[in-house]
Amino acid sequence: MTLLGHFALWAAFLIGVWSAGLAFFARWQDRPELSLAIRRGSYAVCAALLVASAALWKGLFSHDFNIEYVAAYTSRNLPEYYLVTAFWAGQKGSLLFWAVVLGIFGALAQALTSNRFKDLLPYVAGVTNITAAFFIAVMLFGEGANPFERLSFTPADGRGLNPQLQNPGMIAHPPTLYLGYISLAVPFAFAIAALMARRLDAGWIIAMRKWALASWIFLSIGITIGMWWAYLELGWGGVWAWDPVENASLLPWLTLTAFLHSVMIQEKRGMLKRWNMGLIIGTFLLTIFGTFITRSGVIASVHSFTQSSVGYFFLGFLLVTAILSFTLLYTRWPDLEPEAELESLASREAAFLFNNLALVGIAFSVMWGTLFPIISEAVRGTKITVGPPFFNKVNIPLGLFLLLLTGIGPLIAWRKASAANLQRQFIVPTVTGLVTTVALLLAGLRDGWALAALGISGFVVGTIGQEFWRGVRARHVMHDESIPVALVRLMGRNRRRYGGYIVHVGIVLYFVAFTGLAFRTKAEVDLVPGQSTTIASPFGWTYELTHLGISQYSALNRQVSAATLEVKRDGVRIGTIKSEKRQHVDSFGNRLFEPSTEVGLRSDLREDLYVVYGGSPDGTERSHFVLQVNPLVAWFWIGGAVLVLGGMLTMWPGGPQVKTKRRAPVQAGYEATLTGMPS
Amino acid sequence: MKSTRRGFLAALLTAGGARTLLAQEPSGGDSLSADPLRQPWNVGIQRDTVGVLDNDPVVIAIERRLRCTCGCTLDMYTCRTTDFTCTYSPELHREVVAMIEAGKTPEEIIAFYVERDGEAVLMAPPAEGFNIAGYLVPGLVIATVGLGLGAYLSRRRDVESGSDVAAGRDAAAAEAAAPDAEAAERLRRALDEVES
């Protein structure tokens with residue numbers, strides 16, 4: 001199978017290079033008859049990479065430990081579903097995973113794109129295929145990067161999968177994040193195609209908008225599941241540590257979010273064409289930058305793969321792609337003249353511009369902080385650490401500014417808002433924000449940042465509620481629909497707009513959850529069985545935890561030591577909580593890795609009681625625990641779900657023809673009912 | 001009744017077992033009286049017993065500002081309360097506690113680590129010298145671009161308002177002729193609603 005895998009990789013590489021070369025040759029020589037051959041190249045690359053992937057999975061499932069990758073990341077007793085995920089657990093496999101997903105997306109872009117844009121498709125194929133060929137080249141020519149590399153001997157068993165990767169979150173987190181990263185190659189390819197073909201109307205945006213949205217949804221899911229995994233698996237009780245690799249996943253999400261906003265201005269007004277081109281190119285480059293960070297080891301990270309020279313392939317690719325893309329953009333600059341100009345500072349367009357400024361500004365500050373250790377070392381020759389205190393100090397104000405804009409943007413009319421319009425639009429959200437702030441002050445909250453975050457959240461919720469209410473009321477009045485029917489039809493007819501508002505609700509929930517984490521309590525304690533301890537909740541009650549004892553047993557690929565504690569809240573028993581130490585073993589019982597920890601969790605909408613069994617260090621049941629009460633954590637996961645649902649609503653295809661019941665015959669066009677209008 | 005693991009498991013299986021367990025006396029505060037584990041090597045390395053200063057806010061605040069030197073990228077406090085296989089962070093913690101007990105101030109302790117391990121031991125660089133650029137550049141860039149954008153938009157608005165005086169008069173006249181500003185606003189919203 002490794003021979004087949006090797007062969008398939010070479011086939012995909014050669015076809016990718018050939019079809020990309022042909023695409024550019026066809027453009028240069030004006031040979032449109034080559035289009036079909038170029039497009040078929042995408043399908044061939046995809047097929048070859050699927051064969052290579054099947055070969056690797058065959059090796060994983062057949063425990064072919066002569067394959068170095070299989071021996072390094074699996075063992076005979078590894079549960080089968082982790083044999084699936086082992087595909088992307090290591091550097092080599094993840095490179096192949098990246099390539100095959102890109103191959104699939106490249107083929108789908110060819111198959112699913114409307115014929116209206118078929119003149120763009122050869123260039124799209126050229127870009128996706130050359131990108132796939134690059135990833136294959138890294139595997140074929142990079143040092144120790146080929147997943148089909150064989151060992152000179154065959155071990156009896158493999159070294160097993162890192163325990164931290166043996167978690168449901170890791171089944172979904174890497175692939176969704178990769179899907180987000182990789183699918184961004186398609187919008188980028190459409191942008192390059194539009195530039196090459198000089199088809200710079202809004203067509204390329206229509207062709208790639210759903211790809212961009214899909215990328216955004218995948219990135220959102222990947223980031224949220226990554227936070228969930230970090231919270232449950234790393235045992236520190238937080239969700240975001242501003243680690244360089246975490247930052248690398250956030251950067252394209254921020255710029256893509258900016259793009260999804262600014263592209264609306266191009267669609268509606270024909271403005272910001274150059275900016276949008278630059279933004280989508282920059283977003284793709286950030287995915288390559290993130291890959292470079294993850295794989296080069298140039299910046300220390302808990303998440304990165306083993307340091308290797310592979311990263312420098314990505315640096316080279318990043319530089320070449322940046323130079324070529326921006327040169328192409330420069331040559332097309334005159335063709336990207338805006339069709340309209342901004343008319344007023346008080347307009348939706350201006351609000352979107354400031355929203356873009358905030359999003360790109362945050363991306364810049366995150367990138368700046370991530371790279372600042374390197375810059376500092378280059379300038380001063382002194383190593384420094386840029387950790388969470390730095391990022392929090394710089395990004396919390398920017399984040400709150402962005403949150404505020406989330407509430408302001410929808411309140412301002414397109415083109416130019418009148419003073420009366422502004423006054424009318426802002427009154428409800430402002431009151432909502434102020435009431436929230438005052439209520440929290442009366443409830444005893446004194447933390448300035450928390451008050452600001454929750455007050456602004458109230459403002460944004462006021463904005464969204466007002467938008468929904470006005471839309472529903474308009475339908476209710478105009479079409480005599482009941483409120484629930486009006487709500488459903490409103491959202492059905494304006495999916496993009498109201499899906500966007502739902503996304504904003506998800507963002508608010510994220511901010512609320514982050515604010516809650518600022519109030520967590522944490523304590524270390526040693527307990528013998530029967531002994532109790534207490535920890536206070538920020539909500540005012542007290543948890544009493546009693547150590548019930550340690551049970552030890554063997555599972556499929558691990559020996560488990562489980563500590564159970566009984567939990568009382570204000571003296572009332574609410575159940576037990578169990579945290580584990582797991583020593584993973586191979587099929588011969590040999591220990592693999594250091595003992596890992598599974599946290600114990602009792603979660604509700606208000607807070608999580610989070611228990612980490614640190615171990616029983618003197619060989620008895622006297623146990624070390626780290627206890628935490630983490631307020632509002634559940635709202636991260638709810639916010640993530642809301643965010644993704646909103647995104648899905650926004651991109652949902654088609655839509656039912658909504659039958660409306662009109663009150664009276666009206667002239668052609670639309671009906672607008674005015675209440676209270678003087679007759 | 002002395003608590004044993006087997007006894008505990010049996011108690012769990014019986015109704016009210018947990019209550020029975022809770023009624024027991026704790027099996028002693030010292031480690032020697034706790035039951036031995038069947039597989040003690042599976043549950044972590046030797047650690048100190050938790051002391052008062054382990055949960056002390058001052059100690060925690062100091063340790064949150066210092067990076068663990070094991071290479072994990074975490075701060076000292078997070079590392080010692082998260083990575084129970086780390087041998088560096090417990091040792092560093094012992095040093096911090098010893099310095100606190102010796103009467104050193106937090107700033108003196110921080111200075112000791114910077115002197116010994118270099119500036120990289122700080123979780124965030126001090127806001128001095130070149131590091132100031134680290135803190136200020138993002139804000140300055142955003143503020144500059146934002147102000148530039150605002151100025152550009154304002155200038156456009158001024159130009160338009162100057163050249164469109166006549167149009168403004170027409171608009172004012174049209175507004176005067178309009179039945180009611182509020183009604184017009186509602187019309188605009190209703191139209192926006194249909195158009196969106």
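A, B, ... follow the sequence lines: proteins, then strands. Residue 1 opens every chain. The basis for the numbers below is simple: all heavy atoms, side chains too, and nothing from hydrogens, waters or symmetry mates.
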TODO: Check whether any side-chain N or O of T385(A) sits under 3.5 Å from a backbone N or O of A124(B) as a donor-acceptor pair, and report yes or no.
DONE: no

- [ ] Name the region of V386(A), side chain, backbone, both or neither, that has any atom closer than 4.5 Å to a heavy atom of chain B.
- [x] both

Open item on the list: Quick check on N55(B) against chain A: is it the side chain, the backbone, both or neither that has a heavy atom closer than 4.5 Å?
Closed with: side chain

Open item on the list: Is W368(A) in contact with chain B via its backbone, its side chain, both, or neither, using a 4.5 Å heavy-atom distance?
Closed with: side chain

TODO: Taking the side chain as every heavy atom from C-beta outward, state whether Q552(A) and V43(B) have any pair of such atoms under 4.5 Å apart.
DONE: yes

Open item on the list: List the residues meeting side chain to side chain donor-acceptor pair (under 3.5 Å) with R64(B), not counting sequence neighbours, and say none if there are none.
Closed with: none

Task: Part of N131(B) within contact of chain A (heavy atom distance under 4.5 Å) - done: both

Task: chain B contact via R558(A) - side chain, backbone, both or neither, heavy atoms under 4.5 Å - done: neither

Task: Contacting region of A241(A) [heavy-atom separation from chain B under 4.5 Å] - done: neither

- [ ] Name all pairs fulfilling the salt bridge (charged side-chain N to carboxylate O under 4.0 Å, His left out) condition that reach into residues 108-120 of chain B, sequence neighbours left out, sorted by first residue then second.
- [x] R380(A)-E119(B), E95(B)-R116(B)

TODO: Could you tell me which of L122(B), V145(B), T78(B) has the largest number of non-hydrogen atom pairs under 4.5 Å with chain A?
DONE: L122(B)

TODO: Could you tell me which portion of K383(A) (side chain, backbone, both or neither) has an atom closer than 4.5 angstrom to a non-hydrogen atom of chain B?
DONE: both

Task: Closest contact, heavy atoms only, L37(B) versus S616(A) - done: CD1-CB, 3.5 Å

Task: Heavy-atom contact with chain B under 4.5 Å, split by part of L398(A) - done: side chain

Task: Heavy-atom closest pair, residues D526(A) and V50(B) - done: OD2-N, 2.6 Å

Task: For chain B, the option from G237(A), P388(A), P389(A) that forms the most heavy-atom pairs under 4.5 Å - done: P389(A)

- [ ] From the options I384(A), T382(A), I375(A), select the one residue that forms a side-chain contact (heavy atoms from CB on, under 4.5 Å) with F130(B).
- [x] I375(A)

Task: Spacing of K522(A) atom NZ and Y77(B) atom OH [to the nearest 0.5 Å] - done: 4.5 Å

Open item on the list: Taking the side chain as everything from C-beta on, heavy atoms only, tell me whether E594(A) gets closer than 4.5 Å to F84(B).
Closed with: no

Open item on the list: Rounded at 0.5 Å granularity, tell me how far CZ in F391(A) sits from CE in M123(B).
Closed with: 10.0 Å

Task: S347(A) portion near chain B, given a 4.5 angstrom heavy-atom threshold - done: neither

Open item on the list: Determine whether L149(B) and F354(A) satisfy the following criterion, side-chain contact (heavy atoms from CB on, under 4.5 Å), listing intermediate values before the conclusion.
Closed with: CA-CA 8 Å; L149(B) 192 63; F354(A) 283 102; 4.0 Å; yes

Open item on the list: Between W236(A) and T81(B), does the side-chain contact (heavy atoms from CB on, under 4.5 Å) criterion hold? Intermediate values first, please.
Closed with: CA-CA 7 Å; W236(A) 63 296; T81(B) 55; over 6 Å; no

- [ ] Mind ranking G134(B), G139(B), G129(B) by heavy-atom pairs under 4.5 Å with chain A and telling me who comes out on top?
- [x] G134(B)

- [ ] Let me know if F625(A) has heavy atoms under 4.5 Å from chain B in its side chain, its backbone, both or neither.
- [x] neither

- [ ] Inspect the surroundings of CD in Q423(A) and state if more than 12 heavy atoms from other residues, nucleotides or ligands are less than 6.0 Å away.
- [x] no

TODO: Kindly check if the number of other-residue, nucleotide or ligand heavy atoms within 6.0 Å of CZ (F593(A)) is above 12?
DONE: yes

Open item on the list: With heavy-atom distances below 4.5 Å as the criterion, would you say the side chains of I142(B) and F364(A) are in contact?
Closed with: no

TODO: Taking the side chain as every heavy atom from C-beta outward, state whether R622(A) and T49(B) have any atom pair closer than 4.5 Å.
DONE: yes

Task: Closest contact, heavy atoms only, L357(A) versus G146(B) - done: CD2-CA, 3.3 Å

- [ ] Could you check which of V525(A), T597(A), V612(A) has the highest count of heavy-atom pairs closer than 4.5 Å to chain B?
- [x] V525(A)

